[in-house]
There are 2 protein chains.
Amino acid sequence: MPRPRSLTPAQLASAALAVIDRDGLPALTMRAVAAELGTSPMALYRYVADRDELEALVVEEVLSTVDTAPAADGSWPDRVGVMVRRMRLAVGRHPAVVPLLPVHRHRSPTVLRWTEGVLGVLAEAGFVGTRRVVALRALLAYAVGAIQLEHLGPLSGPGTTTMAALPVGEFPHLAATAADARRVGPDEEFGGGLDVLLRGLAVDPD
Amino acid sequence: MPRPRSLTPAQLASAALAVIDRDGLPALTMRAVAAELGTSPMALYRYVADRDELEALVVEEVLSTVDTAPAADGSWPDRVGVMVRRMRLAVGRHPAVVPLLPVHRHRSPTVLRWTEGVLGVLAEAGFVGTRRVVALRALLAYAVGAIQLEHLGPLSGPGTTTMAALPVGEFPHLAATAADARRVGPDEEFGGGLDVLLRGLAVDPD
DNA sequence: ACCTGAACACCGTTCAAGT
DNA sequence: ACCTGAACACCGTTCAAGT
């Protein structure tokens, strides 16, 4: 008589996420997740092939809350902007997983649906062929990079303080800009850059 | 009589980079770098406090080849574009270190000088205050994200093939766009997105 | 001062055994 | 079928000892 499975992949994912949120990304080990679930480390290998697959499960768990339906209202740049902001918001709820995103992003079903939604808006806006490919990749690159900058080296962090204290003789612009940067919040930073990119897409020649 | 040091930080960095280039990033261990240098693992701790510091040394080694002098010729978007491409080229010579860049970027003296150079061009172009901060961060975010996409999930890779084979009923735009993506090379992808961003900066209102 | 070797407290994963 | 425990081949790092 086959014994029923005692766990689901979703339980694995949320146990792993609980470990990361509580103790940080370095604490994510097969042993810690097993302890979180009250089983032995080897039991996890019934559900994932290896640690890499567990990480992919965590990434999908974080992204699964993103609304992937194409935004309905406003101009097409506004609608694309809404989609990009949705992704940022989901990641913002679990900032410790940020380093896992670039590595496992392409295996996430949610990212596939989200991409389909963004492409739908771009297609309606008249983007076709290579131009649509480049637009999508530029949006993805900005989203991935900006989310990482925000959490791995925020303007409010020590890096900015260090730069503000740099010798003005050697780093005149950097010292001045770092001082200004103290007054730019994360929403303004992310939204400002996104607006620049969307404006560039809007004036993009055929 | 104090025994002279037998190693320099630069030797550590290039030995570590040799290990990474030959055996991949997971092969970067204190033990492997020590073996590469013909010393004991513990000898490394005379030169770095821990593994984290060794990683920072590797990142600086990769970026140290970037020319940080402000580009001299052309319009300001062209000059900023040249600076961003220089950073991409340096990373392209050691793609395996890409995952280390976002984490250790802000500790690199070369990145400080590069940033000073970019800010110099932006300042000449009339960017001041918050607008200059947002422009710099948008360029950084794009560079960091696009370089990662290029090496962690390239358009020429299996991800694109998977997407091209998706059911057309559920993913009409994605399947079509993935087919188009096969014809976009990495230079065209990176340069195309960068041009979009620079165009957005050029039309940015005060 | 600088380097070494043994040891400690971890990892991911294999394997043979239990129910 | 599914789960467990012991074991293996690794890690980074501490510590005491060598020259």
Side-chain angles (χ1 to χ4, degrees), chain A residues 1-61 96-97 99-104 107, chain B residues 1-61 96-97 99-101 103-104 107 152:
Chain A
M1 170 105 76
R3 179 132 59 122
R5 304 197 139 204
S6 65
L7 298 171
T8 64
Q11 280 177 293
L12 275 208
S14 78
L17 197 50
V19 169
I20 294 173
D21 286 343
R22 178 167 19 91
D23 301 321
L25 189 56
L28 180 68
T29 65
M30 302 301 278
R31 286 161 149 97
V33 174
E36 186 80 17
L37 292 164
T39 81
S40 83
M42 288 315 299
L44 306 184
Y45 287 86
R46 289 277 128 201
Y47 304 90
V48 291
D50 51 25
R51 188 206 148 97
D52 204 58
E53 218 171 282
L54 179 65
E55 290 182 359
L57 234 41
V58 170
V59 168
E60 176 58 14
E61 174 80 6
V97 309
L100 298 183
L101 291 175
V103 186
H104 300 287
R107 286 204 256 170
Chain B
M1 171 103 80
R3 179 137 54 127
R5 305 197 138 204
S6 66
L7 298 170
T8 65
Q11 280 176 293
L12 275 209
S14 77
L17 197 51
V19 169
I20 294 174
D21 286 342
R22 177 169 17 92
D23 301 321
L25 189 57
L28 179 68
T29 65
M30 302 300 278
R31 285 161 149 99
V33 174
E36 185 80 17
L37 292 164
T39 82
S40 83
M42 287 316 298
L44 306 184
Y45 287 86
R46 290 275 129 202
Y47 304 89
V48 291
D50 51 25
R51 188 207 149 98
D52 204 58
E53 219 172 281
L54 178 65
E55 291 182 358
L57 233 42
V58 171
V59 168
E60 176 57 14
E61 174 81 6
V97 310
L100 297 183
L101 291 174
V103 186
H104 300 286
R107 285 202 256 169
L152 262 37

- prompt: Taking OP1 and OP2 of C:dC2, is either one under 4.0 Å from a side-chain nitrogen or oxygen of B:Ser6?
  reply: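 Result: no.
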field: Pair listing, side chain to side chain donor-acceptor pair (under 3.5 Å) test, anchored in residues 41-59 of chain A, at least two apart
entry: A:Arg51-A:Glu55, A:Asp52-A:Arg107, A:Glu55-A:His104
query: So, for A:Pro9 and A:Leu57, which heavy atoms are closest and what is the spacing to 0.1 Å?
result: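 Residues A:Pro9 and A:Leu57, closest heavy atoms: O-CD2, 3.8 Å.
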[N] [atom2] sits how many Å from [X] [atom1], rounded?
| X | N | atom1 | atom2 | answer |
| --- | --- | --- | --- | --- |
| A:Tyr47 | D:dC2 | OH | C1' | 8 Å |
| A:Leu37 | D:dC3 | CG | P | 11 Å |
| B:Leu12 | C:dC2 | CG | P | 14 Å |

- prompt: With the sugar-phosphate defined as primed atoms, P, OP1 and OP2, and the base as all remaining atoms, what B/S/- string results for nucleotides 6-14 of chain C, 5' to 3', for protein heavy atoms under 4.0 Å?
  reply: -B---BBBB
query: Who pairs with B:Ala35 by side chain to side chain contact (heavy atoms under 4.5 Å, CB included), at least two apart in sequence or on another chain?
result: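 Here no residue qualifies.
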query: side chain to side chain contact (heavy atoms under 4.5 Å, CB included) with A:Ser14: which residues, sequence neighbours excluded?
result: A:Glu61
query: Are B:Val59 and B:Val103 side-chain neighbours, meaning at least one heavy-atom pair lies under 4.5 Å?
result: no
query: Heavy-atom distance under 4.5 Å between the side chains of A:Leu25 and A:Val97, does that happen here?
result: no
message: I need the B:Thr29 OG1 to B:Leu54 CG distance, nearest 0.5 Å.
response: 9.5 Å
statement: Base-pair string, DNA chain C, Watson-Crick plus G-U, cut-off 3.5 Å on both distances, | for inter-strand, is ||.|||||...|||||.||
message: Run the salt bridge (charged side-chain N to carboxylate O under 4.0 Å, His left out) test against B:Arg22 and tell me which residues pass, sequence neighbours left out.
response: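 Salt bridge (charged side-chain N to carboxylate O under 4.0 Å, His left out) list for B:Arg22, sorted by chain: B:Glu36.
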